[in-house]
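Naming convention: chains lettered A, B, ... in sequence-line order (proteins, then strands); numbering from 1 in each chain.
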2 protein chains.
Amino acid sequence: MDNVNIKKLAEALKLSTSTVSRAFRDNSDINASTKERILAMAKQMNYQPNHYASNLREQKSKTIAVIVPELGNNYFSLAVQGIERIASEKGYHILVYSTNDQFEKEVSFIKHLHNGRADGIIMSVTGEANDHNYLNELSKKRLPLVFFDRVYEDIITPRVTTNDYESSFSATKHLIEQGCKRIAYLAVNKTLSIGKTRMQGYIDALKKYKIPFQEELIIDCTNNYKENIDHLKQSFSQLKPDGVFTSVERLAFATYYACYDLNISIPNDLKVIGFSSLEIAPLLNPALSTVTQPALELGKAAASLLFKLLENPTTTPATSAVILNSKLIKRRSTSTEN
Amino acid sequence: MDNVNIKKLAEALKLSTSTVSRAFRDNSDINASTKERILAMAKQMNYQPNHYASNLREQKSKTIAVIVPELGNNYFSLAVQGIERIASEKGYHILVYSTNDQFEKEVSFIKHLHNGRADGIIMSVTGEANDHNYLNELSKKRLPLVFFDRVYEDIITPRVTTNDYESSFSATKHLIEQGCKRIAYLAVNKTLSIGKTRMQGYIDALKKYKIPFQEELIIDCTNNYKENIDHLKQSFSQLKPDGVFTSVERLAFATYYACYDLNISIPNDLKVIGFSSLEIAPLLNPALSTVTQPALELGKAAASLLFKLLENPTTTPATSAVILNSKLIKRRSTSTEN
DNA sequence: TTGTAGGCGTTATCAC
DNA sequence: GTGATAACGCCTACAA
C-alpha cells in the first residue's frame with residue numbers, strides 16, 4: 001500500500017488509467033471537471049507520475065548533466081548556480097559531476113551518461129592533455145554537448161567562453177603601464193586551449209610594448225597548494241620578477257602566501273594581477289587586481305545554449321560560440337602609489 | 001539504428017535478451033565465455049543498459065538529491081563536493097537543487113522528488129520560519145532524508161551538524177579575552193535552529209564572563225549585500241561596539257567593508273571573528289579570525305549517513321546525529337598587538 | 001470524452 | 001547455462 005501509482009488512483013476514482021494520465025497532460029482532451037476531480041484526488045493521495053516510467057515511455061529525461069573540474073571553487077560553483085537557475089526555470093533537473101581534473105573520470109562520466117540519464121551535457125573539460133577523441137567516437141549518437149570555459153579546440157560543439165586573449169593582453173599591458181619590466185606568468189595547463197590563449201595574450205602584450213619575452217618567467221604550477229607556494233618562493237627569489245600575472249585564481253593566492261613568507265611587499269616590490277571571480281578581492285591584503293570572469297553569466301549562457309540545442313537541433317550550428325567579456329579591475333595589488 | 005538496446009544486442013549475438021541481461025549482473029549464472037562475448041560486443045556496439053528501464057524495473061534510481069540554500073557559496077559548494085565524492089564512490093549520481101533561501105522552492109523540490117527520481121535526499125534547509133510540517137505529512141512514504149548544517153529541530157530525521165554552541169561560546173570568549181566589552185552579534189535567521197544555537201553560545205559566554213547582554217548589540221541582517229553594509233555602518237556608528245561576532249561568513253565581509261568605509265581600524269578599534277570556511281581568510285586585510293567549519297567533511301558525513309540509511313533502514317535510527325567539530329582559528333582581526 | 005491495449009527496455013521467475 | 005514470459009508504471013493510438 002505504500003506507493004500509489006496511476007492504477008490505484010484510477011481505481012479510487014473509478015476511472016481508467018488513460019483518463020487519469022490525461023489529467024496530467026495539458027494537451028489532451030479531457031473533461032474539465034473530471035480533470036479537476038483527478039487532480040484533487042491525486043493531491044490527496046499524494047500521487048505523482050513515476051519519473052522513470054514516464055521517461056522510459058517518452059525517451060527523455062528532463063535532466064541535464066554538468067561536469068566540472070571541481071566544485072569547491074568559487075568560479076565553477078557560481079557557474080553551476082547559473083546553470084541550475086536556467087534549468088530550474090525550464091523544469092529541468094541537473095546532475096552534477098566533478099572530475100577533480102582526472103581525465104579518466106571525465107571519460108567515464110560522459111560514457112555513462114549515454115544511457116538515457118540525461119538529455120544533454122554541459123562540461124568544462126579537465127586540464128590534462130589527452131586524446132579526447134573519445135568524444136568524436138560517440139558522435140553519431142552523441143548527446144547534445146556544450147563546453148564552457150575550458151574547451152577542447154578540436155571537438156566541434158557549441159561553446160561558451162570568455163575573451164581570454166584580450167583579457168590577458170590588457171592585464172599584461174596594465175602591469176607594463178604600472179612600470180613592470182620583468183613580468184612572470186604563472187601557468188597551469190599550458191597545453192589546454194584556455195592555457196594557450198591566455199599565455200598568448202601575455203606574450204603579445206610584451207611584444208607590443210617591446211619587453212623581451214623570457215621563457216624562464218613562465219612559471220609552471222600544479223594543482224597542489226603547498227607545492228605551488230614552495231615553487232613560487234624559489235622562483236621569486238631567483239628570478240626577481242617585478243610583476244606577476246596569474247592565469248588562474250588560486251595561483252594569485254599562492255603568490256600572496258609566497259610573498260608574505262619572503263617579505264616581498266605587494267605592490268611595492270611586486271605587482272600582482274590574476275584571473276579571479278572572487279567577490280571579496282577588495283578585502284585581500286592588498287586588494288587584488290583581477291580579471292573578473294562573469295561566472296554566473298557563463299553558466300547561464302551555457303545552459304541557454306544547451307536548451308537552444310535541445311529545442312532546435314537543426315538550426316543551432318555545432319560551431320555556435322558565445323563569448324562573454326571579462327572585466328579588468330585595478331586595485332591596490334598593481335598600484336604605484338604607496 | 002540509433003539506439004542500441006538489449007534486443008538488438010541479443011540479435012547481433014544470436015542470444016536471448018535474458019542471457020545478455022545476465023552478462024551485466026554479477027550474481028547470475030552465466031557461462032564465462034558467453035559473458036565475455038556479450039561484454040565485448042556491448043562495448044563495440046556502445047551498448048549500455050537503459051537507466052530508466054532498469055530503474056523502473058528495480059524501483060530505485062541510484063541517485064540522491066542534494067538541496068542547498070545556495071551554490072555560489074564556498075561553504076555549500078564544498079559540502080556538495082564532499083557529497084559528490086562519496087556518492088561517486090558508491091556509483092551514485094547526485095541531483096543538485098538550490099533554493100536561494102526560498103521556502104516554497106524547498107517544498108516544491110521535495111514534493112517533486114517523491115516521484116522516484118531519487119532514492120534519498122540530503123538537505124540544508126532554507127532560513128525562513130515556516131511551517132515545515134510538510135515533511136511530516138510525507139512521512140509515511142517519505143524518502144530517506146538527511147539534514148546537514150541547517151536543520152529543522154522538530155523534524156525527526158538523521159542529521160549532521162557542527163558543534164555550533166561550543167564554537168560560538170569559544171569565539172565570544174576569545175573576543176572577551178582580547179579585551180572586548182561591547183560585542184555585537186550579527187545574526188541572520190534568528191528563528192532557525194542554527195541561528196538560535198549560535199546566538200545562545202554568544203549569550204552564555206557573555207553571562208559566564210559577566211558582560212551584560214544588550215539586546216541592541218544583536219544586529220539582524222538580511223541576505224542583501226548592500227543593505228547589510230549600510231545597516232552595519234549605521235549600527236557601528238551608533239553602537240560603537242569593540243568586538244563583532246558574525247554568525248555567517250558573508251557578514252564578516254560586510255563588516256570589513258563597513259569598517260573600511262568608516263575608517264574603523266580592525267583590530268585596533270574593532271575586533272572581528274566569524275563563522276567561515278574561507279581558505280584564504282589569512283589573506284584578508286587584516287587576516288580574519290574564524291570559526292572554521294569542516295565543510296567538505298560535513299558533506300562526506302552527510303552522504304555516509306544517507307547511505308547507511310539506505311543500506312540498513314532498520315538499524316539506523318531516525319534520531320542519528322553526527323556532530324563534527326569546528327575549529328577556532330585566531331588571526332590578526334582579533335589580535336591585541338599592533 | 002473516455003476506455004482498451006500495446007509497448008517503452010529491462011530484469012526476475014520459471015521452465016527446459 | 002540459456003530462453004520464454006511477465007511485469008515495473010506510464011502514455012498514446014485507436015476504438016467506442
Using whole Å, report how far [atom1] of [X] lies from [atom2] of [N].
| X | N | atom1 | atom2 | result |
| --- | --- | --- | --- | --- |
| B:Y52 | C:dG9 | OH | P | 14 Å |
| B:I6 | C:dT10 | CD1 | C1' | 6 Å |
| A:L56 | C:dG7 | CG | C1' | 9 Å |
| A:Q48 | D:dC10 | CD | P | 11 Å |
| B:K35 | D:dG1 | NZ | P | 12 Å |
| A:K7 | C:dT4 | NZ | P | 13 Å |
| B:R25 | C:dG9 | CZ | C1' | 12 Å |
| B:N115 | D:dG9 | CG | C1' | 12 Å |

Distance-only polar pair, side chains of [X] and [Y], donor-acceptor under 3.5 Å:
| X | Y | result |
| --- | --- | --- |
| B:H51 | A:Y52 | no |
| B:S16 | B:T19 | yes |
| B:N73 | B:E70 | yes |

Is any side-chain N or O of [X] closer than 4.0 Å to OP1 or OP2 of [N]?
| X | N | result |
| --- | --- | --- |
| A:S18 | C:dA5 | no |
| A:Q59 | C:dG9 | yes |
| A:T19 | C:dG3 | yes |
| A:N5 | D:dG9 | yes |

Subject >> From C:dT2, C:dG9, D:dT2, nucleotide with atom closest to B:I30 side chain >> reply: D:dT2
Original post:
To the side chain of B:A53, which of D:dT2, C:dA12, C:dG9 is closest?
Top reply: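 So the nucleotide nearest the side chain must be C:dG9.
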**OP:** Report the residue (B:T17 or B:N31) whose heavy-atom-nearest nucleotide on DNA chain D is the more 5′ of the two.
**Re:** B:N31
Subject >> Side-chain donor/acceptor of B:S16 to base of D:dT2, under 3.5 Å >> reply: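 There is none.
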Original post:
Taking C-beta and beyond as the side chain, do A:I94 and B:Y97 meet within less than 4.5 Å on heavy atoms?
Top reply: no
Original post:
With a non-hydrogen cut-off below 4.0 angstrom, is A:S54 in contact with a base, only sugar-phosphate, or nothing?
Top reply: sugar-phosphate
Please set out all donor-acceptor pairs under 3.5 angstrom arising from side-chain atoms of residues 306-318 of chain A, sequence neighbours excluded.
residue : atom : partner : partner atom : Å
A:E311  : OE2  : A:K90   : NZ           : 3.2
A:T316  : OG1  : A:K308  : O            : 3.4
A:T316  : OG1  : A:N312  : O            : 2.9

